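Everything quoted here is computed from the prediction, not taken from an experiment. So that the names make sense, note that chain A is the first sequence line, chain B the second, and so on, each numbered from 1.
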Amino acid sequence: MKFEKLDLNLLVALDALLTERNVSVAAERVHLSQSAMSGALNRLREFFKDELLINIGRRMVLTPRAESLAEPVAEMLLQVKTMITTPPEFDPTTSDRRFSVIASDYVADVLLAGALRHIHAVAPGVSIEMLLPDDTLTERLERGEIDLLINLEPYLAPFHPREVLFEDDFVLVAWAENDLVGDAVSFDQFFELTHVAVQHGRNRHPAFEQWFLERFGRTRRVEVFSPSFSLVPQLVLGTRRIATMHRRHAEHYARFLPLRLLSSPLDIPMVREMVQWHKFKRRDPGVQWLQRTLRDHAATLSQPAPAASMGKG
DNA sequence: GCTAAGTAAAGGGTGGGAGC
DNA sequence: GCTCCCACCCTTTACTTAGC
């Protein structure tokens with residue numbers, strides 16, 4: 001059977017070829033032999049009257065025609081995949097579905113840990129695969145590989161639905177016995193003290209608050225770069241370092257670690273943690289249930305306290 | 001029986017490394 | 001810098017299989 005003289009199965013091969021730019025790897029991806037994929041490429045070349053992929057040395061490069069086909073073909077296949085794999089109904093009490101969620105360890109601590117307790121109570125068969133953000137998170141959302149992405153607004157993918165989960169502000173955190181820090185830290189003292197900062201991903205993207213500081217033209221004396229938010233309190237304990245942490249996260253750790261929380265001398269704006277899902281999943285009742293559940297749980301979180309008068313130790 | 005699409009195997013182009 | 005060898009990758013060919 002053909003559609004407009006094209007065997008639609010060839011679009012699956014085309015998508016793999018355009019993504020991988022390698023006949024052998026594309027063949028492996030769609031479970032064909034390498035020569036079968038080469039044959040499929042020939043039929044595609046014949047249909048589109050274009051070379052599509054050109055051999056330059058050992059590399060295959062896309063023609064302009066192939067470049068123009070890559071995105072619409074990938075999007076169309078994702079739409080088809082969503083259509084045929086999404087169950088028409090979702091019953092949390094009986095579902096054994098597995099959801100994948102990208103969120104930082106900070107969001108995991110302040111939101112997901114509690115939300116997952118609730119989810120397990122109402123949906124005992126449901127499982128959640130939690131993934132940490134990396135440099136590929138928007139690509140993974142675009143490819144439909146994840147169900148929900150939780151991140152700050154600047155790091156979300158464009159053109160997909162999103163919703164605010166909760167807001168947070170920042171506080172300074174010091175070891176309770178840090179003798180360099182009193183009840184408050186002045187603006188100048190902030191830049192004199194040594195810091196623990198968070199950097200994510202292979203390209204070493206700085207965390208939001210450091211990005212903000214760089215906008216001010218001042219840099220901190222960062223003594224330790226932490227790959228995660230959760231490691232920050234451990235890197236402050238027993239030292240004279242301070243760290244700038246999300247308030248909810250800092251309060252979470254101060255419950256069981258000897259930490260002192262202080263107001264930041266910098267007027268750092270609040271951040272908004274948002275949840276995002278692929279536009280093709282807006283009709284997925286399971287994803288919408290999970291998104292609503294997280295939103296409802298986020299609404300039960302206490303609002304951040306006013307930024308003054310902490311000095312907890 | 002015909003046709004299309006698959007596999008296995010052979011052939012050929014290219015790039016990188018080793019040796020001189 | 002040149003040559004040789006080898007690995008990698010794509011194309012082609014011969015044959016097989018499945019659907020009509």
- Task: Describe the nucleic acid contact of A:Ser38 in one word from base, sugar-phosphate, nothing, applying a heavy-atom distance below 4.0 Å.
- Result: base
- Item | d(CD1, A:Ile54; P, B:dG13) in whole Å | 19 Å
- Options B:dT7, C:dC9, C:dT11, nucleotide nearest the side-chain atoms of A:Leu41: C:dT11
- Note on the structure: Picking from B:dG6, C:dT11, C:dC10, the nucleotide nearest the side-chain atoms of A:Arg45 would be C:dT11
- Query: Can you check the A:Leu53 CG to C:dC9 C1' distance for me, whole Å?
  - Reply: 13 Å
- Rounded off to whole Å, could you give me the CE-to-P distance for the A:Met37 and B:dT7 pair? 10 Å
- Query: Any side-chain N or O of A:Arg43 under 4.0 Å from OP1/OP2 of C:dT11?
  - Reply: no
- Under a single-linkage rule joining Ile, Leu, Val, Met, Phe, Trp and Tyr whose side-chain heavy atoms are separated by less than 4.5 Å, which residues share a cluster with A:Leu137? A:Ile102, A:Leu131, A:Leu141, A:Ile146, A:Leu149, A:Leu156, A:Val164, A:Met274
- Do the charged groups of A:Asp50 and A:Arg45 touch, with an N to O distance under 4.0 Å? no
- Check the distance between B:dA4's C1' and A:Asn42's CG and give it to me in whole angstrom. 14 Å
- To the nearest angstrom, the CZ-C1' distance between A:Phe47 and B:dA4 comes to 17 Å
- Task: State whether A:Arg221 and A:Glu192 are salt-bridged, where the test is any N-O pair (Lys NZ or Arg NE/NH1/NH2 against Asp/Glu carboxylate O) under 4.0 Å.
- Result: no
- Take the protein atom CZ of A:Arg21 and the nucleotide atom P of C:dC9, then report the distance between them rounded to whole Å. 16 Å
- Task: Find the distance A:Leu17:CG to C:dC9:P and express it as a whole number of Å.
- Result: 14 Å
- Message: Suppose we screen for side-chain contact (heavy atoms from CB on, under 4.5 Å). Which residues come up paired with A:Pro124, at least two apart in sequence or across chains?
- Response: none
